[in-house]
Amino acid sequence: MSGKHLTALAALALTLAASPAAFGVEIAVTCDTGPNGHLCNEAARAWAEKTGNTVRIVAAPQSTSEQLGLYQQFLTSKSGDIDVFRVDVIWPGILGSHFIDLKPYVDQATIDQHFPNIIQGLTRDGQLLALPWYTDAGLLYYRQDLLDKYKLKVPATWAELTETAKAIQEGERKDGNDRFFGFVFQGRAYEGLTCNALEWIASFGGGSIVGPDGKITVNNPQAAKALDLAASWVGTITPDGVLNYIEEDARGVFQSGNAAFMRNWPYAYGLAEAADSPIKGKVGAAPLPKGDGEGARNAATLGGWQVAVSKYSAHPKEAADLALYLTGRDEQKRRALKAGLAPTIMALYDDPEIQQARPFFKLTRTLLDGAVARPSAVTGEHYNEVSTLFWNAVHSTLSKNGDAATNLAQLQKELNRISRGGRW
Ligand code: GLC
């Protein structure tokens, strides 16, 4: 072999050594752009380094409803451009037909580590359509320092919350903070409003929109009462701007010290307690308040995210391996420690390191046990239509565009029409 050829070969070898990925494949994965999005990016890169593959991170919009719209476009056109998707707990019925069965890639012991109800929700016709990544339940965040200042208690009912929020707001405004509000939540017309409103309605004993048998239950006096109360907050203890708030907008107001109470998911706790948080050391979290009347209870909507592999991926084996890595025990532990994201692996709640770093998980764990599921299983591929009609009816009510009874009666008609009388 000539010296020239040898040099060329040596150069090639060098390139390959410097870039192990040249032997691997490229996997495109969606990661969120929220405040904890970097954790997903870091994990995907760590997997690439470990396996010699490369990852391409696809930045997802923040709102879950916008993500769904985008992914539906990719998947219905059978595009292989994205291999691995983060999926919301309510999507398997809507998108499941586009995901591979992960069972051949995962052993039973790995599956059995997760909460069985989450696994059940991700299983269809015996196929496991996604692996659980972290779980969520709605919480009431409060400012302990302000409750102390005004000698008030954490509210146990929504009526008490209304009073307490009003008292603190008046006090803080008198003290010179004219941007202070009593209560912030997610009020934009999107999936997050469905989660908030389901909590209000379920806490008044008003059911969960559609019953497990498919019957439409949402048009009832307790549900109307809950929504009318929520409408009374907007413009009084809650800024009008809430009608356009998603999770991060509410957190922005609360974390900058401008709200007494906030409804949000567990992720907000870690951020409120972070070193640079203006409210560090002043925050508590409790179950969301009860409604009143028969059937009143504390209600938290069940949320959470999973990882699924597209049927149109050219590399299902590597994509499934990445899904397993992201949802595995080490990664769930890292996410719990770094960001307070609630694991779906049950044993991690007994892990001493996690218990020490995240005492708050005790509360999350109990809330998860009684959390209210959205009717995504029973409405299947219709769920997004159902939720859209529901959040629009709620948004109209919050905007004082018709009262709750009128808007719920109209909603029932529409839901009856798409389900042919509850036969989904
Ligand atoms: C959280 C929940 C998810 C829910 C979304 C609504 O991300 O985990 O299940 O759909 O909030 O905004």
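Remember, it's a predicted structure, so these values are computed and weren't measured experimentally. In listed order, ligands and their atoms are each counted from 1.
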J.: Please identify which atoms of ligand 1 are closer than 4.0 Å to at least one heavy atom of Thr64.
T.: 5 (C), 6 (C), 10 (O), 12 (O)
J.: Taking side chain as C-beta onward, heavy atoms only, is Tyr134 less than 4.5 Å from Arg335?
T.: yes
J.: Identify the protein heavy atom lying closest to atom 7 (O) of ligand 1, giving its residue, its atom name and the separation to 0.1 Å.
T.: Trp305 NE1, 2.9 Å
J.: At less than 4.0 angstrom from any non-hydrogen atom of Gly303, what atoms of ligand 1 do you find?
T.: 2 (C), 8 (O), 9 (O)
J.: State the atoms of ligand 1, each with its element, that fall below the 4.0 Å cut-off from a heavy-atom position in Glu191.
T.: 10 (O)
J.: Considering only non-hydrogen protein atoms, determine which one is nearest to atom 10 (O) of ligand 1 and report residue, atom name and distance to 0.1 Å.
T.: Asp88 OD2, 2.5 Å
J.: Strictly distance-based, threshold 3.5 Å: is any side-chain N or O of Ser203 a donor or acceptor partner for the main-chain N or O of Glu199?
T.: yes
J.: Is it the side chain (CB and beyond), the backbone, both or neither of Gln186 that lies under 4.0 Å from ligand 1, heavy atoms counted?
T.: neither
J.: Considering heavy atoms of the protein only, find what lies nearest to atom 12 (O) of ligand 1 and give residue, atom and distance to 0.1 Å.
T.: Glu247 OE2, 2.6 Å
J.: Is any NZ, NE, NH1 or NH2 atom of the basic residue among Glu414 and Arg417 found under 4.0 Å from an Asp or Glu carboxylate oxygen of the other?
T.: no
J.: Check if Tyr190 has a non-hydrogen atom at a distance under 4.0 Å from any atom of ligand 1.
T.: yes
J.: Got a salt bridge between Lys103 and Asp101, using NZ or NE/NH1/NH2 to carboxylate O under 4.0 Å?
T.: no
J.: Need the ligand 1 atom indices (1-based, order shown) with element for anything under 4.0 Å from a heavy-atom of Asp136.
T.: 1 (C), 2 (C), 7 (O), 8 (O)
J.: Measure Gln62 to ligand 1 on non-hydrogen atoms and call it side chain, backbone, both or neither using the 4.0 Å cut-off.
T.: neither
J.: Numbering the atoms of ligand 1 from 1, which are under 4.0 Å from a heavy atom of Gly192?
T.: 6 (C), 12 (O)
J.: Please say whether the positively charged group of Arg173, taken as NZ for Lys or CZ for Arg, lies over the ring of Phe180, i.e. under 6.0 angstrom from the six-membered ring centre and within 45 degrees of the axis.
T.: no
J.: Could you tell me whether Asp240 and Lys400 have a side-chain N and a carboxylate O separated by less than 4.0 Å?
T.: no
J.: Is it the case that the side chains of Glu172 and Tyr150 hold a donor-acceptor pair, with the cut-off being a distance below 3.5 Å and no angle test?
T.: yes
J.: Which residue holds the protein heavy atom closest to atom 11 (O) of ligand 1, what is that atom called, and what is the gap in Å?
T.: Trp265 NE1, 3.1 Å
J.: Compute whether any side-chain donor of one residue and acceptor of the other, for Gln186 and Arg263, lie under 3.5 angstrom apart.
T.: yes
